[in-house]
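For reference, the structure is listed below as structure tokens.
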2 protein chains.
Amino acid sequence: MTEKRKAHQASAGSKRAILEAVLSRAVEAGYEGTTMADVARVSGLPIGSVYWHFKNKEQLFVELLDYCYEVWQESTAPVRDMRELLHNTISRSAAASADLADPAAAFWSIGLVFAFERRLEDNLARQRYLEIRRKMFESVTSLLRTTYDGVPDDVAAELAHDMAVMGRALTDGFRVAAAAGDDTDFDRYASLTADALESLVASRLKEYAHV
Amino acid sequence: MTEKRKAHQASAGSKRAILEAVLSRAVEAGYEGTTMADVARVSGLPIGSVYWHFKNKEQLFVELLDYCYEVWQESTAPVRDMRELLHNTISRSAAASADLADPAAAFWSIGLVFAFERRLEDNLARQRYLEIRRKMFESVTSLLRTTYDGVPDDVAAELAHDMAVMGRALTDGFRVAAAAGDDTDFDRYASLTADALESLVASRLKEYAHV
DNA sequence: GTCTATAGGGGGATAGAC
DNA sequence: GTCTATCCCCCTATAGAC
């Protein structure tokens, strides 16, 4: 193994160590609460190394979001319907509070902080979160659309959009509940939520069938 | 009017000016993003006066939350059912983004920042928000409970609790949507939300009637 | 009660040796 | 690539004149 390769490997290892350090700090302290000194301490590397691997704090968080999103995609089995989707996301909201070391769960927990910190408007990490948020919404919408068989395209599209909007609101809402420490049985409400949305879909489909 | 009275009046006026200054800053920048220097500048008073009226930043935000909550209570007409309640809270989520000067609407917008900033765990303002959040939840629960006539008490209680949990999640979720800048027709989804929850209630009531 | 000046501490970022 | 020392700015909070 050449010297260059060795250096490269060490670099990759350090980079990952830094990302995991910033993850563990970010889920507890958010963006502003996480200091570069913290990250250096937790990762075991000096602060100079952190700045060698990442241009600045902003870029560090951009790459953190990318890293988490990647892990999330890999670790998330494809779902078949809305019920399964809601169960995954809402139960995972609880997990995001309990198991903060899970990058997949932590992603959304960190992201919501960015949604609310309006003063971070120009912050690239915030923009990255919003971008991923949009991507997720689109993919959920098209997934749901495939679940309405034998329905005119425009109706299915509208229905899928509505369910995606409401599903997103519910998911975010239960994340708020988790963050606020509300005493909530997330499994139970994942089911109830699915019941509510499914009955809404049913009545909408019936309505269109009558036209 | 005595000198003492005059001084007292001036004090009350300044205090209110400071509270409105911190309100306008807080909805834009959150807790950490709002600096005491900002507050002084916007209120037109020197920073020394701010510290004369309020012990510290923490206490300033505690009183801001109390102030907003008070205005919110006064300005909110009593609602009669879940549909009306959802419409008020969800439509107002949109307003919280549009009309930031409205203390009633701003309250929830500011509060959610506290929910997510876990590192503010010991912060009295965060605790005050969570306290008010609980109070609201209780009052919503007991309001809903009165809307289920001719139902056994325990069933009505469970139903009211479930609807309050889901209503809160939806409301918070749409506040997230507003903060994230999602393109959402809040009026429309307030209706759909009410449809979904009402049909859930209907099926639960039917279920219990059969037993 | 109002105002100014400043102490005191912390955080982001860089320089430069190794 | 790693590490240390340090600069510089901003923020909370206080001291003390008026």
Side-chain angles (χ1 to χ4, degrees), chain A residues 1-22 25-26 28-64 113 117 119-120 122-126, chain B residues 1-22 25-26 28-64 113 117 119-120 122-126:
Chain A
M1 190 178 279
T2 67
E3 285 306 314
K4 194 180 175 189
R5 265 192 171 282
K6 247 159 92 183
H8 182 74
Q9 244 190 13
S11 175
S14 295
K15 197 159 179 176
R16 195 196 175 85
I18 293 167
L19 282 175
E20 287 185 358
V22 65
R25 289 303 306 141
E28 289 221 348
Y31 179 75
E32 318 245 45
T34 300
T35 70
M36 297 302 265
D38 280 346
V39 174
R41 186 175 44 74
V42 175
S43 72
L45 275 75
I47 194 167
S49 290
V50 178
Y51 277 98
W52 189 88
H53 287 284
F54 301 91
K55 191 185 159 219
N56 53 25
K57 187 179 179 180
E58 203 168 331
Q59 192 59 31
L60 176 57
F61 272 78
V62 169
E63 298 197 29
L64 172 67
V113 175
E117 297 275 333
R119 112 198 88 128
L120 297 178
D122 299 331
N123 187 292
L124 291 174
R126 180 177 198 263
Chain B
M1 191 176 279
T2 68
E3 284 306 314
K4 193 178 174 189
R5 266 191 171 283
K6 248 159 96 182
H8 183 75
Q9 245 191 13
S11 175
S14 295
K15 197 158 180 176
R16 194 196 178 86
I18 293 167
L19 283 174
E20 287 185 359
V22 65
R25 290 303 306 141
E28 290 220 348
Y31 180 73
E32 319 245 44
T34 300
T35 71
M36 297 302 265
D38 280 347
V39 174
R41 186 176 42 74
V42 174
S43 71
L45 274 75
I47 193 168
S49 290
V50 177
Y51 277 97
W52 190 89
H53 286 284
F54 301 91
K55 189 185 161 219
N56 54 25
K57 187 179 179 179
E58 204 168 329
Q59 193 58 32
L60 176 57
F61 272 77
V62 169
E63 297 197 30
L64 172 67
V113 175
E117 297 275 334
R119 113 198 87 127
L120 297 178
D122 299 330
N123 188 293
L124 291 174
R126 181 177 197 264

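We use all heavy atoms of the structure for the numbers below, so side chains are in, but hydrogens, waters and symmetry mates are not. Chain identifiers are assigned alphabetically (A, B, ...) following the order of the sequence lines, protein sequences preceding nucleic acid strands; residue numbering begins at 1 within each chain.
Between D:dG1, C:dT2, D:dT4, one nucleotide has an atom nearer to the side chain of B:Ser14 than all others, and that is C:dT2. Listed candidates were C:dC3, C:dA13, D:dA13. Nearest to the side chain of A:Tyr51 is C:dA13. Here D:dC3 is the nucleotide among C:dA13, D:dC3, D:dT14 with the atom lying nearest to any side-chain atom of A:Leu45. Checked against D:dC3, C:dT4, D:dG1, the side chain of B:Pro46 finds its nearest nucleotide in C:dT4.
Whole-Å rounding puts the A:Glu32 CD to C:dG11 P distance at 12 Å. Residue B:Arg16 contributes atom CZ, which lies 17 Å from atom P of C:dG1 at whole-angstrom precision. Distance, A:Trp52 CH2 to C:dA13 C1': 17 Å, rounded to whole Å. Between A:Tyr31 atom OH and C:dG11 atom P the separation is 14 Å, expressed in whole Å. Distance CG (B:Asp38) to P (D:dA13): 14 Å, rounded to an integer number of Å. Remark: C1' of C:dG8 and CE of B:Met36 are 16 Å apart, rounded to the nearest angstrom. Atom pair B:Gln59:CD and D:dA13:P shows a separation of 11 Å (rounding to whole Å applied). We find that CZ of A:Arg119 is positioned 12 Å from C1' of D:dC11, with the value rounded to whole Å.
The side chain of A:Thr35 contributes no N or O atom lying less than 4.0 Å from OP1 or OP2 of C:dG10.
Ion pair A:Arg119/A:Glu32 flagged as a salt bridge, since at least one NZ, NE, NH1 or NH2 atom sits closer than 4.0 Å to an Asp/Glu carboxylate oxygen.
Note that CG of A:Leu60 and NE2 of A:His53 are 11.5 Å apart. Values are rounded to the nearest 0.5 Å. Taken from CD in A:Glu117 to OH in A:Tyr31, the straight-line distance is 10.5 Å, to the nearest 0.5 Å. To the nearest 0.5 Å, the span separating OG on B:Ser49 from CD1 on B:Ile18 amounts to 6.5 Å.
At least one donor-acceptor pair closer than 3.5 Å links the side chain of B:Glu58 to the backbone N or O of B:Leu124.
Each of B:Ile47 and A:Ile47 lies near DNA chain C, and the nucleotide nearest B:Ile47 is the one positioned closer to the 5' end.
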